[in-house]
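Okay, so here's the structure we're looking at.
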There are 2 protein chains.
Amino acid sequence: MRRILLIEQKIESGFDFGKKLNDLGYEICIVNDAFQALVHLESQLFDLVLVDLAIPKMDSFWLLVARKCHTPVITLANTNDVLEKLNAFEMGADDYLSKPFNIRELQLRMNVIKRRGKLTENAIRQTIIEFDDTEYSLTCSGHKITLTNTEYRLFKYLYERQGEVVTKEELQQRVLHKKLGKFDRNLDMHISNTRKKLADRNLSRDLINTVRGQGYSFNF
Amino acid sequence: MRRILLIEQKIESGFDFGKKLNDLGYEICIVNDAFQALVHLESQLFDLVLVDLAIPKMDSFWLLVARKCHTPVITLANTNDVLEKLNAFEMGADDYLSKPFNIRELQLRMNVIKRRGKLTENAIRQTIIEFDDTEYSLTCSGHKITLTNTEYRLFKYLYERQGEVVTKEELQQRVLHKKLGKFDRNLDMHISNTRKKLADRNLSRDLINTVRGQGYSFNF
DNA sequence: CCACAAATGATAACGATTTGCATTTAGATT
DNA sequence: AATCTAAATGCAAATCGTTATCATTTGTGG
């Protein structure tokens, strides 16, 4: 899941939101009306369409288009209105979020959609990991693990792309902020140390899976 | 004038154009939306930004960013529309070209900007710092200093915002990737160590200026 | 199935970063 | 100007991150 088309009425409010997503490694494209959305959807491939329900008219128009391009859609609403929620689903949205929401929540739902798309509607994940950004700790099925800053950011980065294989280059660039050297072993060390901590708390060290020659991936 | 950031809507059409420039000795980086542009502008130094005006909306957004990074901007347009031209200048572009244009013409204009830039640059500062991302070293008026990864990224971050006061919060977030604690001393330490290294090489430790209660700023 | 190369795992040593405490400085208050 | 206080700094110790090295695993071609 990489490229996201964000349809926001107020382009400015989309900016910092989009920036956040961008920081997390997504490529964002923001448009503010259905026609532009149409143009973009037809000329480029997107992995997800996020629509602010405040977009006037055209409600289901872009949806049709998205459907044609086999792109999943998540709608965003400003209210917690149940009717609006039902409406979104009726229109054929794949999921729904009401603002303000946590980026993490969005990511989780994106992952669910992604999996649904790939594995044709399988079990919903029940193991959920809670992250604590302030003390670099995570809690998984009752076990709490405290990592170091770097271990934490690596783990979280992988978690946020669960299922995907993340290359060492990417991790090195985006988490460690340095280039990957020829015989660079330091990612391996962080992974190794993290796995040890997982094992110490009776969690599977295979939460982080190594894909030989390619990188690492997170898997429950 | 070396590194150019090219913002093109259709990435393909940017390719051969970019290739031409590349053949002429420029280092080109092509992106196709404002956010990517933002990311690149914030993480690397460019000497010039070329923007295809066909980039939808966002018109002035990337411009703001480029301004922040002290990078000149030339806009490219598909029409010969005078309004568009005026609009470009209003937005603050340094120059304007309508497609199709001669690469020579572009070069001429780039030189003009360069000269313009150098003049003001010389008036303001004559010292220029060269950065080496691979070994975290910088060269300033003949003196070469090697920093650690973190010191280097902090220094560069401040340098890229020269004149501005950058808050500790921001540095902590964007460079150290952690929250600023109440009695957090680690930025101070990095600054202190960097200053020491500057002094060791007969460079002014006041290149990094502390603004009591606010943060740090870079100043020649 | 074996030999070989390449990738990964793991330990330890080393260097960098962070933390805690003591001290100094800048600015506000009187 | 003397005092007070919050912020900044210096230094040392503890923690964390990186590198060097060797062992182990995995995949490839004979």
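This structure is a prediction, so every number in the text was calculated from the model and none was measured. Both backbone and side-chain heavy atoms feed into the values below; hydrogens, waters and symmetry mates do not. Each chain gets a letter, A, B and so on, in the order its sequence line appears, and its residues count up from 1.
Residue-to-nucleotide proximity on DNA chain D shows that, of B/Thr210 and A/Thr150, the 5′-proximal contact is made by B/Thr210.
Residues of residues 186-195 of chain B that place a heavy atom closer than 4.0 Å to DNA chain D, in numerical order, are B/Asp188, B/Met189, B/Ser192, B/Arg195.
More than 12 heavy atoms of other residues, nucleotides or ligands shown are found within 6.0 angstrom of CD on B/Glu135.
Protein atom CG of B/Asp184 is 19 Å distant from nucleotide atom P of D/dA6, rounded to whole Å. The distance from atom NZ of A/Lys197 to atom C1' of D/dG17 is 11 Å, rounded to the nearest whole Å. Whole-Å rounding puts the A/Gln214 CD to C/dA6 P distance at 18 Å. Here D/dG17 presents its C1' atom at 19 Å from CZ of A/Phe155, a figure rounded to the nearest Å. Taking atom CZ of A/Arg153 as the reference point, atom C1' of C/dT17 lies 13 Å away to the nearest angstrom. If you measure from atom CG of A/Asn209 to atom P of C/dT8, you get 11 Å, rounded to the nearest angstrom. D/dA20 atom P lies 14 Å from atom NZ of A/Lys182, rounded to whole Å. When the P atom of D/dT9 is taken as reference, atom CG of B/Asp206 falls 11 Å away, rounded to whole Å.
Counting only heavy atoms from C-beta on, A/Tyr216 has its side chain closest to C/dG9 among C/dG9, C/dT11, D/dG17. Between D/dA8, C/dT18, D/dT18, one nucleotide has an atom nearer to the side chain of B/Lys168 than all others, and that is D/dA8.
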Check: ring pair (Phe, Tyr, Trp, His ring centres under 6.0 Å) between A/Tyr157 and A/Phe218: does it pass, once the steps are laid out?
Finding: CA-CA 9 Å; A/Tyr157 196 91; A/Phe218 184 97; over 10 Å; no

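Pairing each heavy atom of A/Leu198 with each of A/Ser204, the nearest pair is CD1-O, 3.7 Å. Between A/Arg195 and A/Asn209, the shortest heavy-atom distance links the atoms NH2-C, 3.8 Å. In terms of heavy atoms, B/Lys179 sits closest to B/Gln172 at O-NE2, 3.4 Å.
Close to D/dT19, at under 4.0 Å from its OP1 or OP2, lies a side-chain N or O of A/Lys178. Taking 4.0 angstrom as the limit, A/Thr148 places none of its side-chain polar atoms (N or O) nearer than this to OP1 or OP2 of D/dT15. One finds a side-chain N or O of A/Lys196 lying less than 4.0 angstrom from the OP1 or OP2 phosphate oxygen of C/dT11.
No option in B/Leu180, B/Leu176, B/Thr210 other than B/Leu180 meets the side chain to side chain contact (heavy atoms under 4.5 Å, CB included) test with B/Lys168. Applying the side chain to side chain contact (heavy atoms under 4.5 Å, CB included) test between A/Ile208 and each of A/Asn219, A/Leu154, A/Ile191 identifies A/Ile191 as the sole match.
Side-chain N/O atoms of A/Arg212 and base N/O atoms of D/dT26 include a donor-acceptor pair closer than 3.5 Å. One N or O donor and one acceptor, one from the side chain of B/Arg185 and one from the base of D/dT9, sit under 3.5 Å apart.
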